[in-house]
Amino acid sequence: MQERSAKAAAPGNKSFLRRYLFNADHKVIGVQYFFLSLAAALAGAMLSLLMRIHLVWPHTALPQLGEIKPENYLGYLTIHGTLMVFFVLSTVPQSGFGTYFLPLQLGASEMAFPRLNMAGFWTTLASFLVLIAALFVPGGASIAGWTQYTPLSAVATAGPGQGLGTDLWLVSIGLFCLGTLMSAVNFIVTTVKKRAPGMGWMRM
């Protein structure tokens, strides 16, 4: 009976979902953050291409998209900047490298809160999906830029994207901050509590 339960718990017997998606291992989650950032970089590059097409051929009608109007350009600019700053430049150095390498550098077998670590990734993924969804809602994405420049962000009638598109942008950033907070708490507690014996503060 014990042999059977040990075999079931062995890493090689886990399903694909348990091994690569719903896994609390810090290395798996670190790789998941890398792939999320890669998806964000590809989406941002596609939006950058659409912006440049609009600048070179402003009245060209694209398949499935039609003509890129100035408000569409501003929406693409907003989502592109948000993706690159939050989901590429912030996610990879902090959550990706931190989750993967911090336990290895400290001599710890795992993060202090593995399930919280996994929840932080899924919250960040939900933030990414909400942000992408802002491109497809009525009115389109927010046109106020990735820092929500005023007065565009303060005036609801400034453009078509300042309705539901801006609401989704705000929800996305809120979720991103929540996921980042989960990771930060994990990093702090892991550093304080999970260091290997003899790994003092001055030896890290």
Side-chain angles (χ1 to χ4, degrees), residues 16-17 20-22 29-97 99 119-183:
F16 177 86
L17 292 178
Y20 297 109
L21 293 181
F22 302 103
I29 296 173
V31 172
Q32 288 175 333
Y33 274 117
F34 288 131
F35 278 108
L36 174 59
S37 293
L38 178 61
L42 293 175
M46 182 60 65
L47 293 173
S48 178
L49 177 61
L50 291 176
M51 288 189 291
R52 281 156 175 78
I53 290 175
H54 172 73
L55 291 175
V56 178
W57 301 289
H59 301 295
T60 299
L62 299 176
Q64 306 299 323
L65 290 177
E67 181 181 338
I68 299 177
K69 300 176 182 179
E71 55 268 28
N72 301 134
Y73 176 90
L74 292 175
Y76 298 158
L77 177 68
T78 299
I79 302 301
H80 166 81
T82 305
L83 286 172
M84 291 303 181
V85 172
F86 288 93
F87 293 94
V88 178
L89 297 178
S90 297
T91 298
V92 170
Q94 176 181 307
S95 301
F97 282 105
T99 300
F121 167 76
W122 286 105
T123 304
T124 306
L125 176 62
S127 170
F128 171 75
L129 296 177
V130 170
L131 183 67
I132 295 298
L135 291 166
F136 303 99
V137 297
S142 171
I143 65 171
W146 71 271
T147 58
Q148 289 298 294
Y149 299 106
T150 53
L152 291 177
S153 61
V155 180
T157 58
Q162 294 310 105
L164 183 56
T166 298
D167 293 340
L168 289 177
W169 187 92
L170 292 170
V171 171
S172 172
I173 297 304
L175 288 172
F176 182 87
C177 292
L178 179 60
T180 303
L181 178 63
M182 294 179 188
S183 297

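One is the number of the first residue; the rest follow in order along the sequence.
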For residues 175-182, which side-chain donor-acceptor pairs fall under 3.5 Å, sequence neighbours excluded?
| residue | atom | partner | partner atom | Å |
| --- | --- | --- | --- | --- |
| T180 | OG1 | F176 | O | 2.9 |

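- In terms of heavy-atom proximity, A41 sits nearest to V88 at N-CG2, 3.8 Å.
- Applying the side-chain hydrogen bond (donor to acceptor under 3.5 Å, both in side chains) definition to pairs two or more places apart or across chains, those involving residues 32-44 are Y33-S183.
- F86 places none of its side-chain heavy atoms less than 4.5 Å from the side chain of T91.
- Formation of a donor-acceptor pair under 3.5 Å by the S172 side chain with backbone atoms of L168 is not found in this model.
- Separating the CD atom in E71 from the CG atom in L77 is a distance of 13.5 Å, to the nearest 0.5 Å.
- H80 meets the ring-ring contact (aromatic ring centres under 6.0 Å, His included) test with no other residue; sequence neighbours excluded.
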Would you tabulate the side-chain donor-acceptor contacts of residues 128-149 under 3.5 Å, counting partners in other chains and residues two or more places apart, or write 'none'?
| residue | atom | partner | partner atom | Å |
| --- | --- | --- | --- | --- |
| S142 | OG | A144 | N | 3.3 |
| S142 | OG | Q148 | NE2 | 3.1 |
| S142 | OG | Q162 | OE1 | 3.2 |
| S142 | OG | T166 | OG1 | 3.3 |
| Q148 | NE2 | G145 | O | 3.2 |

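- By the side chain to side chain contact (heavy atoms under 4.5 Å, CB included) test, L62 pairs with L50, I53, T60, L65, I68, sequence neighbours left out.
- Here the OG-CH2 distance, from S127 to W122, works out to 14.0 Å after rounding to the nearest 0.5 Å.
- A ring pair (Phe, Tyr, Trp, His ring centres under 6.0 Å) check over residues 36-56, counting only residues at least two apart or in different chains, returns the pairs H54-Y73.
- Separation of atoms OG (S48) and CG (L83) is listed at 11.5 Å; rounding is to 0.5 Å.
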CA sep, side-chain torsions, deciding dist, call: T78, W169, side-chain hydrogen bond (donor to acceptor under 3.5 Å, both in side chains): CA-CA 9 Å; T78 299; W169 187 92; over 6 Å; no
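- Note: L125 CG to F35 CZ = 13.5 Å, rounded to the nearest 0.5 Å.
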